[in-house]
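First comes the structure, then the notes that go with it.
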Amino acid sequence: MASNLIRSLGLVSAVAIIPAATAALAQVDVNTYRELDQFMSVFERVRSEYVDQIDDQRLIRGAIDGMLASLDPHSSYLDERGFSRLMSSTDGEYGGLGLSVTMEDGAVKVIAPTEGSPAHRAGIQAGDFITHLDGRLIYGGTIDEAVDAMRGNPGTSIRLTIIRPGRDRPFDVSVTRAIIDLPAVRWEVRDNVGVINVNSFSRETAQEARQAIAAIERQLGRPPLGYILDLRSNPGGLLDQAVALSDLFLERGEVVSQRGRRRTDIERYYAQPGDAAGGRPIVVLIDSGSASASEIVAGALQEHRRALVLGERSFGKGSVQTLVPLGNGRSALRLTTARYYTPSGRSVQEGGITPDILVPQLSDPEYRTRTRVRESDLRRHLVNETAVQEDVIQDDGRPDPRFAATAEELRQRGVTDFQLHYALQTIARLGPRQAAAPAGGAAPAPRTRR
């Protein structure tokens with residue numbers, strides 16, 4: 001079953017290789033064995049002299065966790081419990097609060113609440129720090145312990161103590177657990193435009209998106225003016241689903257490439273002929289919570305000039321994690337094995353995807369002060385070795401008249417989601433011109449230059 005989780009599944013085998021001896025290699029081996037001797041000395045000293053008797057398994061697990069935590073924020077060891085949790089979240093159904101969290105300096109930090117989840121409805125925000133659960137301090141624990149504590153039986157409540165940047169004091173939020181049974185794709189029709197909201201990249205995401213396109217055309221009785229692909233607050237998921245979703249709208253060309261440690265470790269993924277949207281205009285919505293697989297899709301459609309990308313700069317996670325089953329297959333190693341690159345060879349690591357049109361979420365009254373967590377904020381994040389400064393136009397400091405309305409003014413006009421509202425207006429402007437394109441053509445949506 002694990003083979004279905006990740007397209008590039010790593011396999012481990014025991015092979016004895018005796019290389020030609022060189023002075024440099026011999027030196028490396030001597031240094032490595034010296035460090036291993038040091039580790040065993042520490043291990044034995046802790047076992048024999050620590051104030052409390054410690055189980056060997058706990059010490060070894062701690063050593064493994066420490067080794068992987070020293071690499072990057074996304075490499076980790078998954079025991080049977082963690083592996084099962086990953087399987088359930090990949091399947092798209094699990095019990096809990098609906099939070100994507102990370103560990104920063106011993107504290108649990110919220111990356112993003114899942115839209116429509118109990119945490120989202122309770123007002124938990126990206127950048128919040130969770131310090132206590134039901135009054136119990138969780139600082140200094142592990143991320144697994146925190147996640148396990150937040151999960152529980154549906155209908156039960158848990159009290160989270162929150163520290164939010166910009167507020168003077170911590171405050172408590174009570175959240176009722178629920179079954180997080182999130183469809184990977186939701187759709188609706190607005191103003192003759194098909195809106196496809198992709199919440200996650202689980203096993204059936206691309207197929208559900210294709211079905212959404214067909215359902216939108218059935219409801220209208222004809223093709224829509226265009227499509228909005230909403231990837232906001234989508235933390236990513238399976239690589240093959242990111243490729244398949246991009247392929248739905250591309251006729252040809254590279255979707256993404258991944259490159260490992262060695263120059264020869266390059267794998268490229270290409271689109272196959274066939275555009276499910278029939279060449280109609282597409283707007284992709286992203287924000288600071290759009291990560292990984294979401295960035296692959298946004299970058300591919302943007303660089304092939306197949307879609308106009310609107311919103312805010314994305315999260316900036318440009319690394320690929322390979323799931324390596326261990327031992328009896330009930331535990332696994334999640335290891336960062338490659339970086340991925342957009343079709344033009346650009347890495348989004350740290351920098352993320354910059355929208356063609358920066359559109360703030362004006363319907364959020366706190367959008368100017370809200371904390372936005374990105375990859376570059378995480379400790380030990382991978383450095384973008386090919387970063388290029390692309391900002392060639394200086395900000396003149398003048399307010400953009402398009403974005404002058406307040407949240408209250410928008411609410412009075414019936415606009416509760418300004419970014420989506422702006423995307424709908426954009427499709428309305430693009431649609432009539434695209435309708436004149438030949439049937440089955442793949443005329444790209446025009447882009448606004450930065």
Side-chain angles (χ1 to χ4, degrees), residues 112-113 115-116 120-121 123-128 164-167 188-197 225-234 281-290 294-295 298 301-302 305 307-316 351-374 376-377 389-434 445-450:
E115 182 180 357
H120 182 262
R121 293 193 297 269
I124 306 298
Q125 299 178 6
D128 286 348
R164 179 171 295 169
R167 290 206 180 184
E188 62 178 326
V189 176
R190 288 198 182 189
D191 302 334
N192 292 319
V193 175
V195 180
I196 302 174
N197 190 328
L225 290 177
Y227 294 92
I228 295 173
L229 190 62
D230 191 346
L231 300 178
R232 291 175 296 176
S233 297
N234 184 327
I282 298 172
V283 167
V284 177
L285 284 175
I286 61 173
D287 62 11
S288 61
S290 305
S294 297
E295 294 172 298
L301 297 184
Q302 182 185 57
R305 297 180 179 267
L308 194 67
V309 179
L310 271 62
E312 300 176 344
R313 181 167 61 88
S314 63
F315 185 78
I353 298 293
T354 300
D356 298 300
I357 303 178
L358 289 167
V359 180
Q361 183 59 298
L362 297 181
S363 49
D364 176 6
E366 299 179 351
Y367 87 92
R368 294 186 186 277
T369 58
R370 188 180 300 282
T371 301
R372 291 164 177 80
V373 181
R374 292 187 169 90
S376 56
D377 298 316
Q389 182 65 33
E390 295 183 343
D391 296 332
V392 296
I393 301 177
Q394 294 184 349
D395 186 355
D396 60 9
R398 299 177 183 177
D400 192 324
R402 297 173 299 174
F403 308 135
T406 66
E408 178 61 24
E409 290 171 343
L410 290 171
R411 186 184 65 80
Q412 293 176 357
R413 288 160 44 190
V415 177
T416 58
D417 186 338
F418 180 75
Q419 290 175 328
L420 179 60
H421 173 74
Y422 196 96
L424 288 167
Q425 290 184 319
T426 302
I427 291 288
R429 290 191 294 267
L430 296 175
R433 282 184 288 174
Q434 290 296 322
R447 297 178 63 199
T448 299
R449 296 183 63 86
R450 290 191 290 275

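The shown structure was predicted, so the numbers you read here are calculated from the model rather than taken from an experiment.
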Taking all non-hydrogen atoms of both residues into account, name the closest pair between [X] and [Y] and its distance.
X    : Y    : answer
L285 : A423 : CD2-CB, 4.2 Å
G127 : P165 : O-CD, 3.6 Å
F403 : L358 : CE1-O, 3.3 Å
I353 : I286 : O-CD1, 3.6 Å
Y227 : I427 : O-CD1, 3.7 Å
P113 : A126 : CD-N, 4.2 Å

Check whether any side-chain N or O of [X] sits under 3.5 Å from a backbone N or O of [Y] as a donor-acceptor pair, and report yes or no.
X    : Y    : answer
Q302 : T354 : yes
D356 : L308 : no
S314 : E295 : no
D364 : Q361 : no
S290 : L231 : yes
Q419 : L310 : no
R313 : G351 : yes

Stepwise side chain to side chain contact (heavy atoms under 4.5 Å, CB included) check, R190 with L420: CA-CA 10 Å; R190 288 198 182 189; L420 179 60; 3.4 Å; yes

With a 4.5 Å cut-off on side-chain heavy atoms, are [Y] and [X] touching?
X    : Y    : value
I228 : L424 : yes
H421 : R413 : yes
Q425 : V283 : no

Electrostatic pair E409-R411, nearest N-O below 4.0 angstrom: no

D417/R232 salt bridge by N-O under 4.0 Å criterion: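 Salt bridge between R232 and D417, a charged N being under 4.0 Å from a carboxylate O: yes.
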
Reported CG-to-CD distance for the pair D287 and E312, which is rounded to 0.5 angstrom: 6.0 Å

Candidate pair L229 and L301, rule side chain to side chain contact (heavy atoms under 4.5 Å, CB included), full reasoning: CA-CA 11 Å; L229 190 62; L301 297 184; 4.2 Å; yes

